[in-house]
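These numbers come from a predicted model, not from an experiment. What's counted below: heavy atoms across the whole structure, side chains too, no hydrogens, waters or symmetry copies. Numbered from 1 within each chain, the chains take letters A, B, ... in sequence-line order.
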Amino acid sequence: MSRRPPRGEYIETDTGNKVARKATLVGTQNIILGGKTVIQPEVMIRGDLVRSVQSASAASSSGASANNTAVSIGRYCFLSRASCLRPSGRFYKGAFTYMPLRMGDHVFVGHGSVVQAASVGSHVHIGARVVVGELAIIKDYVRVLDDSIIPPNMVIPSFSIVAGQPARVIGEVPEGGHEAFELRDLYKTVGNNPHPVPT
Amino acid sequence: MAAPTSTSASSSSKRHSILPSVSQAGPKPPVQFSSSITIADSALLTGSHMIVVGSESVIHPRARLDSSGGRITIGRRCIVHERSIVGGNAATVTLSPSRGSKTSDMLLSPLPSSAGVTLADYVLVDVGAVIEAGDTVVGEGTTVGVGARVCAGAVVGKHCTLTPHTVVAAGDVVPDFTVIYSKGLRRRDLRGVPELRNKGQARQIEVLRRMIPSNPGKFSS
């Protein structure tokens with residue numbers, strides 16, 4: 001994490017989002033970034049898989065952009081390299097439709113993970129190479145260890161530590177462990193003018 | 001939680017996607033597309049052998065179809081998700097004796113054109129899955145999960161489920177209705193719902209066809 005990225009690798013927006021130039025964001029008008037979020041290179045976010053029920057009635061999608069959120073990310077999130085966020089799909093009233101993926105604040109998505117959940121809470125740490133199955137629900141303050149495979153429709157309660165293939169709750173976050181989920185310091189170490197990594 | 005502001009990385013709200021341009025490295029393969037397929041603009045098709053895609057199949061952006069190891073045949077109503085690789089790694093083709101009479105030919109001769117990858121109808125290839133070339137066959141209605149790997153020469157039966165990050169070894173034969181999970185364990189799928197799953201996939205394809213802008217003309221020269 002102490003490597004110095006080349007100039008201009010990240011695009012920094014007014015709200016403090018740092019989006020790498022090599023990230024693949026499909027359908028950006030349906031992606032909402034909270035602010036101070038870091039998106040590293042090779043991340044793929046599928047914003048084009050939106051809920052299709054409304055688009056059948058609305059002729060143009062430009063006016064209904066507020067309703068057509070595909071992926072909504074909170075503040076201080078960190079999406080590591082090669083991760084993939086995509087909305088999950090389900091059968092709703094006989095038709096197949098995509099449900100929006102909502103992520104809370106301070107969510108860390110590790111290297112190469114694929115997140116296809118229905119919702120992810122705040123202060124969640126997802127390790128590397130994790131696969132979060134369709135329509136899974138992850139509550140707040142959860143730590144998902146590396147290489148876990150979370151099966152579809154699983155609900156992970158708050159303050160749990162999850163690991164395994166298929167993932168099981170193997171422990172609980174200890175009382176004093178809440179500060180470890182904060183990502184403000186990590187946000188400052190990335191970007192075009194990175195601060196040094198805090199010791 | 002305060003209402004988040006909607007941002008796209010460049011402040012233009014008209015830009016639809018940030019896709020780093022995919023350079024068409026490698027040879028452009030001959031393709032034979034059915035008229036009703038949906039193939040995204042940023043799909044990657046390389047290789048020298050023929051790529052055949054059956055009717056109503058969907059290829060997501062950034063999916064890679066590599067026919068340098070042999071012809072790729074994708075059946076009808078298949079879905080190939082993004083970042084998956086169909087037909088890669090031709091250099092590491094190693095076949096076990098269970099593949100029958102073709103074994104000695106494979107090892108001696110250079111890449112035969114009939115080899116490659118064959119996906120039957122209704123196959124779902126999930127994000128980041130790898131299906132290597134070399135007479136690999138994936139049977140009808142099978143789901144290849146996220147990051148799963150089907151090595152060269154493997155034959156996967158019908159209506160199987162490969163859960164995420166599972167590996168089918170080279171030359172392996174997976175019987176029909178098998179579920180492979182959790183580092184190689186296998187069990188039989190007794191749900192008995194293959195038709196329902198196929199119907200569900202057909203409905204999903206109807207929705208995807210409206211959502212993904214298709215550009216088959218880019219690949220057929």
- Query: Taking the side chain as C-beta and beyond, is there a heavy-atom pair between B:P61 and A:R46 under 4.5 Å?
  - Reply: yes

- Query: Out of curiosity, A:C84 SG to B:R83 CZ, how far, rounded to the nearest 0.5 Å?
  - Reply: 5.5 Å

- Query: Is it true that atom NZ of A:K18 has more than 12 heavy atoms of other residues, nucleotides or ligands lying nearer than 6.0 Å?
  - Reply: yes

- Task: Kindly compute the distance separating NE2 (B:H165) from OG (A:S148), expressed to the nearest 0.5 Å.
- Result: 10.0 Å

- Near A:E182 CD, under 6.0 Å, is it more than 12 heavy atoms from other residues, nucleotides or ligands? yes

- Query: Using non-hydrogen atoms only, which part of A:R75 is less than 4.5 Å away from chain B: side chain, backbone, both, or neither?
  - Reply: neither

- Query: Where do A:I149 and B:T163 land on the side-chain contact (heavy atoms from CB on, under 4.5 Å) test, with the steps shown first?
  - Reply: CA-CA 9 Å; A:I149 310 281; B:T163 55; 5.8 Å; no

- Task: Kindly compute the distance separating NE2 (B:H81) from CD (A:Q116), expressed to the nearest 0.5 Å.
- Result: 7.0 Å

- Message: Any heavy-atom pair between the side chains of B:V207 and A:T97 that's under 4.5 Å?
- Response: no

- Task: With the side chain counted from C-beta on, respond yes when B:M211 and A:Y98 share a heavy-atom pair under 4.5 Å apart, and no when they do not.
- Result: yes

